[in-house]
2 protein chains.
Amino acid sequence: MRRDNRLSAALHVLLHMAEEAHPLTSGKLAKTMMTNPVVVRRMLAGLRAKGYVRSEKGHGGGWTLARDLEAVTLRDIYDALDSPSLLAIGHRAENPQCLIEQAVNAVLNQTFRDAEDMLLSRFGEVTLAALSTDFHKRLAGRQGAYNPEAAHEG
Amino acid sequence: MRRDNRLSAALHVLLHMAEEAHPLTSGKLAKTMMTNPVVVRRMLAGLRAKGYVRSEKGHGGGWTLARDLEAVTLRDIYDALDSPSLLAIGHRAENPQCLIEQAVNAVLNQTFRDAEDMLLSRFGEVTLAALSTDFHKRLAGRQGAYNPEAAHEG
DNA sequence: TCTCATGTAATTCTAAATGTTACATGAGAC
DNA sequence: GTCTCATGTAACATTTAGAATTACATGAGA
């Protein structure tokens, strides 16, 4: 099954924005993400609607963070992306007449619910600030300055 | 995201087989599952390879269970279906040069791994016998005899 | 040898993410 | 004002993997 990358992509974009003082254009971000500007705009539109980022048109325009990194969790971003489904497996009919199917669904549903709850609560525990701290630790380990161009070569 | 139904479908089929003393044809099972005989055969081929079911050709042929219900867990079936991916979300590059992407992946990977482990260990705890018991409880509650035809009407 | 059922390859259908094109809108720069 | 830059968005194309279908070979009774 194909996997939805939007959460990963959104976090990546947000942290890049956090490293820059000026607005970043969707074109620039798209190059960073090796994707298309429209894909970036589409994704960020959801975050803007929830107030996590701002966008401005015209010269010098682009995207900027609208919130403190401490104030935003992965859960917030996940929700802003319209809560894409987390699990790749499921079952056939939601309200089957067949009692066997009901028994199967009962077990699977409970298990799936628990797994989703676990994922969401984990997401709620991690802030963008924590991710940023981790990034800067890695950066210090490399003893290099931040260079978004070089970071995405090859 | 579209969800993979094979685990649910396989469990459903296996429990139907458990209720019948004679072999069930893929055509009959397909009608039960409102799907196509080839889909059923393809799915059951994986289970047969692992020894959970048997198939026989010709008159009176079809599919039968090859193991005790107590001896098979949902995990066994999941593995026999070739371990379809459990999570619908993921990330972009597995070994990104970008340190931001690395930081993002580190958090997401750990979370995803934990969720998958939880699902698999849950699957390992539930036997087909437990599902069957649940089914028979529901059946007793309905005070009806088992009737696979009626169970899948409408 | 006829029929039934599986075995399996090849093809098509489908849904959802992803990617692309095209063009309208609005904000500076000049 | 108008040119350029950048977002906003609709419409369309591509991709991917599961699901469904078609077609035919194989083998086991009746």
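Below, all heavy atoms of this structure are taken into account, side chains as well, without hydrogens, waters or symmetry copies. In what follows, every chain begins at residue 1, and chains take the letters A, B, ... in the order their sequences are listed.
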For A:Arg3 and D:dG18, give me the distance from atom CZ to atom C1', rounded to whole Å.
16 Å
When hydrophobic residues are tied together by side-chain contacts of less than 4.5 Å, even through go-betweens, does B:Met43 share a cluster with B:Val39?
no
D:dA19 P sits how many Å from B:Leu29 CG, rounded?
16 Å
Quick one: hydrophobic cluster around A:Met118, which other residues, with the 4.5 Å side-chain cut-off, linked directly or via members?
B:Met118
Just report the end-to-end axis angle for the helix from C:dT1-D:dA30 to C:dC30-D:dG1, five pairs per end, to 10 degrees.
10°
Atom pair distance, as rounded to whole Å: CG in B:Asn36 and P in C:dT8
16 Å
Figure out the CE/P separation between B:Met33 and D:dG18, and round it to whole Å.
17 Å
Using a cut-off of strictly less than 4.0 Å, decide whether B:Asn5 has a side-chain nitrogen or oxygen near OP1 or OP2 of D:dG18.
no
Can you see whether A:Glu19 engages A:His136 through a side-chain donor-acceptor pair at a distance of less than 3.5 angstrom?
yes
Counting only heavy atoms not in A:Glu56, do more than 12 sit closer than 6.0 Å to its CD atom?
no
Could you give the CG-to-P distance, from B:Leu86 to D:dA17, as a whole number of Å?
16 Å
Within this structure, what is the CG-to-P distance between B:Asp82 and D:dA19, rounded to whole angstrom?
13 Å
Just so I know, are the side chains of B:Leu120 and B:Leu86 near enough to count as touching, which here means a heavy-atom distance under 4.5 Å?
yes
In whole Å, what is the span from the CG atom of A:Leu44 to the P atom of C:dT18?
14 Å
Determine whether the side chains of B:Asn5 and B:Ser8 contain a donor N or O and an acceptor N or O closer than 3.5 Å.
no
Report, as yes or no, whether the 6.0 Å neighbourhood of atom CZ on A:Arg54 holds more than 12 heavy atoms from other residues, nucleotides or ligands.
no
For atom CG of B:Asp68, decide whether the heavy atoms of other residues, nucleotides or ligands shown that lie under 6.0 angstrom number more than 12.
yes
Using atom CG of A:Leu81 as one end and atom P of C:dA17 as the other, report the distance to the nearest whole Å.
11 Å
How would nucleotides 5-11 of chain D be written as a contact map, 5' to 3', with B for base contact, S for sugar-phosphate-only contact and - for no contact, using protein heavy atoms under 4.0 Å?
BSBBBBB
What nucleotide among D:dT21, C:dG19, D:dA19 has an atom nearest to a side-chain atom of B:Asp4?
D:dA19
Should the pair A:Phe112 and B:Phe123 be assigned to parallel (<30°), tilted (30 to 60°) or perpendicular (>60°) ring geometry?
perpendicular
